[in-house]
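First comes the structure, then the notes that go with it.
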Amino acid sequence: MTYPLLVVTAVAAEAEAVRAGADRGHVVVEPVGVGPAAAAAGTARLLATGRYRAVISAGIAGGFVGRAPVGATVLGARSIAADLGAESPDGFLPVEELGFGTSVLPADPLLFKGLSAALPGAVVGDVLTLATVTGTGATADLLATRFPGAVAEAMEGFGVAVAAAGLPFAELRTISNPIGPRDRAAWRLKEAFAALSTASAALWTACG
Ligand SMILES: O=C(O)c1cccc(C(=O)CC[C@H]2O[C@@H](n3cnc4c(=O)[nH]cnc43)[C@H](O)[C@@H]2O)c1
């Protein structure tokens with residue numbers, strides 16, 4: 001018996017977009033809520049069934065200007081909890097420096113290889129997970145400097161990766177908005193959902 005691939009999204013609209021593209025494969029798509037906590041809890045609940053062979057965090061994301069444009073597909077090399085740590089007068093201290101574990105979880109090498117091959121046009125790089133959507137140029141600049149390898153930010157990937165707990169994990173995003181000063185009118189949701197459907201067709205090729 002082949003176990004299905006689990007794809008978790010934050011919201012139902014993202015799940016529908018993934019289902020529209022991944023309609024041929026042995027893929028189960030479930031929305032689990034917005035933010036790292038909901039993503040981790042919802043993913044853990046689904047994985048507890050023991051039914052799945054791998055899990056992908058998928059959805060829309062903000063793209064770092066000059067690294068991932070609106071409409072682009074992003075494949076995460078690593079999912080990073082960018083706000084897990086402590087502030088200090090000398091700058092942000094990641095959880096590693098505090099001695100409390102890791103804020104960086106890499107994609108599973110085999111899953112990543114399959115997805116890279118199936119998505120040759122994807123922007124590959126780190127994807128940040130934040131509980132707060134970046135809404136100022138100052139925060140965007142700070143994050144771009146702290147994470148030179150980051151191409152996008154979203155709110156769930158690291159939570160899903162933690163819940164995967166050793167099961168193969170990867171993060172797939174499409175860019176709905178540039179990261180920077182809050183401008184909700186500039187979000188291109190339709191374009192990002194369409195790109196998500198197109199990219200999700202690759203799940204079948206990569207993992208089917
Ligand atoms: O309009 C708002 O202020 C607002 C606040 C919180 C969340 C939202 C969403 O619609 C986010 C939904 C979903 O999309 C991902 N996403 C998309 N763009 C970004 C971003 O620039 N930074 C972080 N996350 C983003 C995220 O994974 C959410 O699940 C709107």
Side-chain angles (χ1 to χ4, degrees), residues 6-21 29-44 46 55-84 92 103 105 107 122-123 125-147 149-164 169-200:
L6 174 65
V7 180
V8 289
T9 67
V11 299
E14 292 170 318
E16 277 162 32
V18 173
R19 282 190 200 111
V29 189
E30 297 284 354
V32 291
V34 172
T43 304
L46 291 163
V55 59
I56 292 182
S57 172
I60 61 171
F64 280 100
V65 174
R67 300 181 188 175
V70 169
T73 294
V74 163
L75 180 58
R78 304 183 299 172
S79 299
I80 301 178
D83 52 9
L84 188 59
F92 189 83
S103 60
L105 291 171
V123 177
D126 295 335
V127 179
L128 307 184
T129 301
L130 292 147
T132 305
V133 176
T134 297
T136 66
T139 303
D141 290 347
L142 207 67
L143 289 170
T145 303
R146 272 184 62 209
F147 301 102
V151 294
E153 72 163 39
M155 302 173 77
E156 294 83 23
F158 187 81
V160 176
V162 169
F169 160 83
E171 184 164 2
L172 178 65
R173 296 276 167 187
T174 56
I175 304 303
S176 54
N177 57 284
I179 301 169
R182 180 172 162 76
D183 178 10
R184 197 63 168 81
W187 285 38
R188 297 286 171 261
L189 294 176
K190 212 173 146 191
E191 200 176 333
F193 287 139
L196 191 56
S197 293
T198 304
S200 296

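In listed order, ligands and their atoms are each counted from 1. On a predicted model such as this, the values are computed, not experimentally measured, just so you know.
Applying the 4.0 Å criterion to heavy atoms of R182 picks out, from ligand 1, the atoms 1 (O), 2 (C), 3 (O). Near R173, with a cut-off below 4.0 Å to any heavy atom, the atoms of ligand 1 are 27 (O). Numbered from 1 in the order shown, with element, the atoms of ligand 1 that lie under 4.0 Å from a heavy atom of S176 read 17 (C), 18 (N).
Pairing each heavy atom of L143 with each of A82, the nearest pair is CD2-CB, 4.2 Å. Counting all heavy atoms, side chain and backbone alike, E156 lies closest to T129 at N-CG2, 3.8 Å. Of all heavy-atom pairs between A61 and E153, the closest is CB-O, 3.3 Å. Shown here for S176 and I60, the closest heavy-atom pair between the two residues is OG-CD1, 3.7 Å. In plain terms, the two heavy atoms of S57 and G157 that are nearest each other are OG-CA, 3.6 Å.
At a heavy-atom distance under 4.0 Å, only backbone atoms of A61 (N, CA, C or O) approach ligand 1. Contacts between M155 and ligand 1 below 4.0 angstrom, taking non-hydrogen atoms only, involve backbone and side chain alike.
For atom 12 (C) of ligand 1, the nearest protein heavy atom is 4.0 Å or more away.
Taken from CZ in R173 to CD in E14, the straight-line distance is 6.5 Å, to the nearest 0.5 Å. To the nearest 0.5 angstrom, I175 atom CD1 is 8.5 Å from T73 atom OG1. We find the CD1-CG distance between I179 and L128 to be 6.5 Å, quoted to the nearest 0.5 Å.
Atom 19 (C) of ligand 1 has as its closest protein heavy atom G62 N, 3.3 Å. Of the protein's heavy atoms, I60 CG1, 3.4 Å lies nearest to atom 14 (O) of ligand 1. If you check which protein heavy atom lies closest to atom 1 (O) of ligand 1, you get R184 NE, 2.6 Å. Scanning the protein for heavy atoms near atom 22 (N) of ligand 1, the closest one is E153 OE2, 2.5 Å. Protein heavy atom in closest approach to atom 21 (O) of ligand 1: N177 ND2, 2.8 Å. Atom 5 (C) of ligand 1 has V133 CG2, 4.0 Å as its closest protein atom, hydrogens excluded (heavy atom only).
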- request: Determine, step by step, whether F158 and L84 satisfy the side-chain contact (heavy atoms from CB on, under 4.5 Å) criterion, reporting the C-alpha distance in whole Å, the side-chain angles of both residues, the deciding distance to 0.1 Å, and the verdict.
  value: CA-CA 10 Å; F158 187 81; L84 188 59; 4.2 Å; yes
- request: Could you please spell out the steps behind the side-chain contact (heavy atoms from CB on, under 4.5 Å) verdict for L6 and E30?
  value: CA-CA 8 Å; L6 174 65; E30 297 284 354; 4.2 Å; yes
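Considering backbone and side-chain N/O of A10, none are found under 3.5 Å from N/O of ligand 1. Residue-to-ligand polar distances keep W187 apart from ligand 1: every N/O pair is separated by 3.5 Å or more. Polar contact with ligand 1: present for E156 (N/O pair, distance under 3.5 Å).
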